[in-house]
Amino acid sequence: MPLRAQARVNLAAIERNVARLRAGLSDGAELAAVVKGNGYGHGPAPAARAALAGGARLLAVATAREASELRAAGIDPPVLVMGALSDEELPVALGARAEVVAWSEPFVERLRDAIDDSGDAPVRVHIKLDTGMGRLGTRESDEAIRVAESVAAAAPALELAGAMTHFASADADAEFTAAQLARFVPFVRAVRDRWPGIVVHAANSAATLREPSSHFDLVRCGIAIYGCDPMNQDPAAHGLEPALELTSYVAAVKLARAGDSAGYGRRWVASSPTWVASVPIGYADGIRRALTNNCDVLIGGRRYPLVGTVSMDNITVDVGAADAVRCGDTVTIIGADGSERQTAEEIARRIGTINYEILCGLTPRVPRVYHRDGTPA
Ligand SMILES: Cc1ncc(COP(=O)(O)O)c(C=O)c1O
């Protein structure tokens with residue numbers, strides 16, 4: 001019997017995606033693999049290991065806890081925590097030997113206070129300029145320089161490691177990205193003049209693929225390392241291989257007569273006799289309820305429509321003819337079956353969201369099963 005629902009993750013695909021992305025980088029630029037949000041649903045530690053095997057030099061997460069989970073999994077390479085850190089989180093980040101991001105002098109003071117002078121290696125700090133994302137970072141280059149000076153002055157406890165920004169719409173608006181770059185570049189010049197070894201980074205996946213002048217010393221790629229398209233289109237256009245397949249199986253098949261319904265609220269009613277398969281995967285697994293009557297699944301290399309309301313634990317599928325499917329058949333929600341393929345991007349577009357949210361939304365109830373091109377990992 002197949003697993004009720006599973007996310008099969010091809011680690012070799014992540015490795016190849018990273019290698020491919022690296023091959024497209026401007027001279028000398030390195031790649032940081034972003035493995036926050038449960039590794040975009042793929043599982044952070046296996047994704048991190050695969051990305052490192054593909055040539056990533058740094059791992060990036062959003063939270064202190066995500067950094068310490070990587071350490072607990074035995075992952076040793078540098079980890080950057082990109083998010084804000086509360087007083088409670090700072091010791092966790094430092095305990096994980098994480099690199100951190102600063103954009104205010106009070107934060108640098110808090111950081112110094114949180115470090116016990118045990119003679120450990122310095123805490124590496126990246127200064128963040130907000131060039132238009134309007135989220136974290138300072139909008140003022142002068143303030144960013146002052147923050148950099150206070151970090152440099154706190155040597156050897158702190159080490160000025162990086163200067164960064166983040167793009168708001170590299171997936172869609174080349175003009176705004178250019179405007180952000182125009183704000184960032186003078187700051188980059190100023191910090192490089194004073195601190196020549198500083199690592200400059202800005203690009204997310206979209207900028208990495210679309211804007212080579214944003215590569216600087218390092219790019220921070222998340223969605224693309226998982227083989228997904230930051231523009232929410234077909235990842236194959238960039239030579240990216242989706243690493244995750246989401247499958248379930250046919251648990252029951254029954255005849256619906258004209259007028260019979262399937263699921264809560266009777267939001268689908270058979271207009272003529274047809275066979276309906278029940279598939280044990282639902283919104284508690286990450287199949288968004290908004291996909292009610294608005295998704296396909298693949299069975300036996302063919303597409304069938306999801307009909308009726310997505311329940312917490314089940315969906316129903318109109319399979320038409322009696323002999324179309326059998327109990328036990330594999331049902332693919334994300335992935336390929338024969339010549340048919342359904343991407344996370346396609347599912348996202350149906351409900352007006354992005355592939356990121358579909359992948360991050362896969363819940364812990366779905367076991368992640370790791371392999372390398374079909375061989376169990
Ligand atoms: C600061 C920062 N850098 C890089 C990334 C990676 O973005 P993407 O997954 O689009 O590559 C993220 C993710 O949202 C981020 O917050």
Would you sort out whether Glu211 and Ser213 count as a side chain to side chain donor-acceptor pair (under 3.5 Å), showing the intermediate values? CA-CA 5 Å; Glu211 188 46 72; Ser213 71; 2.6 Å; yes
What pair of heavy atoms forms the shortest contact from [X] to [Y], and how long is it?
X: Leu246; Y: Leu244; value: N-CD2, 4.0 Å
X: Ala163; Y: Val191; value: CB-CG2, 4.0 Å
X: Val18; Y: Ala51; value: CG1-O, 3.7 Å

For the side chain of [X] and the backbone of [Y], is there at least one donor-acceptor N/O pair under 3.5 Å apart?
X: Glu241; Y: Arg16; answer: no
X: Asn17; Y: Arg20; answer: no
X: Asp260; Y: Arg257; answer: yes
X: Asp313; Y: Ile281; answer: no

Test item: [X] and [Y] side chains (from C-beta on) under 4.5 Å apart, heavy atoms:
X: Val123; Y: Ile115; answer: yes
X: Ile223; Y: Leu359; answer: yes
X: Thr343; Y: Ile347; answer: no
X: Leu306; Y: Thr316; answer: no
X: Glu30; Y: Leu25; answer: no
X: Leu85; Y: Val101; answer: no
X: Leu31; Y: Leu21; answer: yes
X: Thr309; Y: Ser311; answer: no

Looking only at side-chain N and O atoms, does Glu345 offer a donor or acceptor that is under 3.5 Å from a partner on Asn232? no
Could you go through the side chain to side chain contact (heavy atoms under 4.5 Å, CB included) check for Leu70 and Val61 one step at a time? CA-CA 10 Å; Leu70 290 174; Val61 294; 3.9 Å; yes
Aromatic plane relationship, Phe184 with Phe187 - under 30° parallel, 30 to 60° tilted, over 60° perpendicular: tilted
Give me the ring orientation class for Tyr40 and Tyr356: parallel if the planes are under 30° apart, tilted from 30 to 60°, perpendicular past 60°. tilted
Nearest-0.5 Å distance, OG of residue Ser104 to CD of residue Glu109: 9.0 Å
Stepwise side chain to side chain contact (heavy atoms under 4.5 Å, CB included) check, Val253 with Cys327: CA-CA 7 Å; Val253 191; Cys327 278; 4.3 Å; yes
Using side chain to side chain contact (heavy atoms under 4.5 Å, CB included), reason through Leu58 and Leu218 one step at a time and then give a plain yes or no. CA-CA 9 Å; Leu58 177 76; Leu218 179 78; 3.7 Å; yes
Partners of Ala178 by side-chain contact (heavy atoms from CB on, under 4.5 Å), sequence neighbours excluded? none
Considering only NZ, NE, NH1 and NH2 on the basic side and carboxylate oxygens on the acidic side, decide whether [X] and [Y] come within less than 4.0 Å.
X: Arg288; Y: Glu357; result: yes
X: Arg65; Y: Glu89; result: no
X: Arg192; Y: Asp217; result: yes
X: Asp130; Y: Arg135; result: no
X: Arg124; Y: Glu159; result: yes
X: Asp285; Y: Arg4; result: yes
X: Arg303; Y: Asp337; result: no

Test side chain to side chain donor-acceptor pair (under 3.5 Å) applied to Thr138 and Glu143, Arg146, Lys128, Glu105, the passing residue: Glu143
Before you tell me yes or no, could you show the steps for Asp318 and Thr274 under side chain to side chain donor-acceptor pair (under 3.5 Å), namely the whole-Å CA-CA distance, both residues' side-chain angles and the distance that decides it to 0.1 Å? CA-CA 7 Å; Asp318 182 355; Thr274 189; 2.6 Å; yes
Close aromatic pair by centroid cut-off 6.0 Å: His201 and His126: yes
Is there a path of hydrophobic side-chain contacts, each under 4.5 Å between heavy atoms, that joins Val200 and Leu136? yes
